[in-house]
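Some notes on the structure that comes next.
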Amino acid sequence: MKRIIIAIDGFSSCGKSTMAKALARNIGYLYFDSGAMYRAVALYCMQNSLITDGEIDTEALRGKMKDIHITFEADPETKNSITFLNGVNVEHSIRSLEVSRYVSNVAALDFVRSEMVEQQREMGKQKGIVMDGRDIGTTVFPDAEMKVFVTASAEVRAKRRYDELSARGDNPNFNEILENVLQRDHIDQTRDVSPLKKADDAILLDNSNLTREEQMEWLIDTYKKLTTEC
Ligand code: CDP
């Protein structure tokens with residue numbers, strides 16, 4: 001069977017990563033989380049005093065880009081992908097609400113995006129990958145054979161993120177999360193460089209009322225149809 005590139009884009013917190021990870025595991029593909037890369041850059045800014053009074057020091061960050069190395073490794077037990085920032089495992093810290101507060105502003109910077117997109121295209125050279133994000137089907141891999149654009153209502157998405165943070169022992173506030181989800185939607189859709197939008201040839205998936213099992217069945221069906229066709 002032909003090995004393809006699967007691009008999964010969509011709004012924040014609609015379960016893209018969980019879905020993309022599970023799909024990759026199911027069909028024996030590698031999974032790449034492009035959002036984790038932008039989160040790692042935001043974390044780098046926080047750790048290196050590049051944020052003052054909530055403002056990112058854009059020029060200082062531009063000068064530091066060559067010092068930011070993001071890599072992925074598979075967890076030997078769970079096989080889940082773990083994000084490393086300059087050799088340090090940051091998989092847990094990049095998921096904090098504080099990183100979520102800055103990430104969309106960091107991801108709106110053109111020099112950050114061009115660097116990340118270059119690295120993402122490198123990862124795609126091997127084919128047989130699932131990558132999720134905001135611009136994978138539009139900018140990173142416009143020729144991806146399978147493109148899915150995921151959405152769900154803002155309340156459903158905030159509830160999912162709330163449950164995720166609670167499950168890992170944080171003490172989240174639902175309204176703060178909802179506000180963050182809406183704010184990131186706005187920044188992601190209105191930025192100048194690669195704004196979040198559905199590629200014309202992407203299939204729309206509204207998963208507000210789908211169980212994980214129903215969603216996986218739909219994804220595998222779509223994948224099988226596409227790979228037997230091409
Ligand atoms: O998990 P969630 O959907 O909440 O976000 P994420 O995939 O971890 O991405 C975090 C943020 O990075 C998003 O809100 C976007 O602002 C940005 N991002 C992007 O601009 N382009 C991508 N390909 C992936 C993420």
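Numbers here simply count residues along the sequence, with the first being 1. Remember, it's 1-based here, ligands and their atoms both numbered in the order they're listed.
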Arg95-Ser100 side chain donor-acceptor pair, cut-off 3.5 Å: no
Test item: Arg39 side-chain N/O and Val90 main-chain N/O as donor-acceptor pair under 3.5 Å: no
Between Arg212 and Asn207: side-chain donor-acceptor atoms closer than 3.5 Å: no
Heavy atoms from other residues, nucleotides or ligands near CG of Asp192 exceed 12 (cutoff 6.0 Å): no
Residues in the immediate environment of ligand 1 (any heavy atom closer than 4.0 angstrom): Ser12, Ser13, Lys16, Ser34, Gly35, Tyr38, Arg39, Val103, Ser104, Ala107, Arg113, Gly133, Arg134, Asp135, Ile136, Arg161, Arg184, Asp188, Arg191
Any side-chain donor near an acceptor of the partner, Asp132 and Tyr31, under 3.5 Å: yes
Identified side-chain hydrogen bond (donor to acceptor under 3.5 Å, both in side chains) partner of Asp163 from the options Arg160, Arg161, Lys159: Lys159
